[in-house]
Amino acid sequence: MSQNYPRFAALALGASASVTRVYSAAELESWRVLANAPESGGELPEPLIGALFSQLLGERLPGHGTNYLKQHMEFEAPARVGEPLTARVTISRLRPEKALVNLETVCTGEGGRTICRGEALVLFQR
């Protein structure tokens, strides 16, 4: 079936993509005001970290045509304002009959410390 869908067939187990981002205090404050959230003491809220994975899934891997079905993240350490964060997604399972892609997700901070890890399930428009 995947030969009928060349974009899906181009995906491979183990393929990965990453992005690095530094959130500033001004960006955190803008988000806090928009979300009507309390001050965080310089720690980044989880939705801003999750946004890094959303950007990767929709723009890089699998890319355009991706529909998020679910995301699970387990946080191991807080992320801080001004800290370089690297989010990475890696394809862990492909189900061509349903156009489903499972991905491992990891976000690391300074010194390679793990901020969070988890998994995502997406429907990829073939």
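Computed from a prediction, not measured in an experiment: that's the story for all the values here. Side-chain atoms are counted along with the backbone in the values below, which use heavy atoms only and exclude waters and symmetry mates.
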Val81 to Ala25 - nearest heavy-atom pair and separation: CG1-N, 3.3 Å

Closest non-hydrogen atom pair between Ala37 and Trp31, with its separation: CB-CZ3, 3.7 Å

Gap separating the OG1 atom of Thr108 from the CD1 atom of Ile115, nearest 0.5 angstrom: 7.5 Å

Criterion side chain to side chain contact (heavy atoms under 4.5 Å, CB included) against Leu85, the qualifying member of Val19, Leu48, Thr20, Leu44: Leu44

Under the side chain to side chain donor-acceptor pair (under 3.5 Å) test, residues paired with Glu27 that sit two or more places apart: Arg21, Ser24

hydrophobic_cluster_shared for Val106 and Leu103, side chain cutoff 4.5 Å: no

Pairwise side-chain contact, Glu39 with Arg32, heavy-atom cut-off 4.5 Å (strictly under): yes

Donor-acceptor contact present, side-chain Arg7 to main-chain His64, <3.5 Å: yes

Approximate separation, where rounding is to 0.5 Å, of Leu121 CG and Leu69 CG: 4.5 Å

Heavy-atom closest contact (Pro45 atom, Leu28 atom, distance): CD-CD1, 3.4 Å

Min side-chain heavy-atom separation Ile49-Phe75 under 4.5 Å: yes

Test salt bridge (charged side-chain N to carboxylate O under 4.0 Å, His left out) applied to Glu59 - qualifying residues, sequence neighbours left out: none

Phe8 reachable from Leu57 in the ILVMFWY side-chain graph, under 4.5 Å edges: yes

Approximate separation, where rounding is to 0.5 Å, of Arg60 CZ and Ser18 OG: 6.0 Å

Interatomic distance, Glu46 atom CD to Glu43 atom CD [nearest 0.5 angstrom]: 10.0 Å

Partners passing salt bridge (charged side-chain N to carboxylate O under 4.0 Å, His left out) against Glu83 (at least two apart in sequence or in another chain): Arg80, Arg113

Reported OG1-to-CD distance for the pair Thr105 and Glu119, which is rounded to 0.5 angstrom: 7.5 Å

Heavy-atom pair with the smallest gap, counting every atom of Glu110 and Pro84: CG-CD, 3.6 Å

Nearest atoms (heavy-atom pairs only) where Phe53 meets Arg88: CE2-O, 3.8 Å

For the student: nearest non-hydrogen atoms of Leu56 and Ala87, plus distance: CD1-O, 3.3 Å

Heavy-atom side-chain contact between Leu100 and Phe124 under 4.5 Å: no

Shared hydrophobic cluster, Leu61 / Leu123 (ILVMFWY, side-chain heavy atoms < 4.5 Å): no

Connected via hydrophobic side-chain network under 4.5 Å: Leu34 and Tyr23: no

NZ on Lys70 to CG on Asn102, rounded to 0.5 Å: 8.0 Å

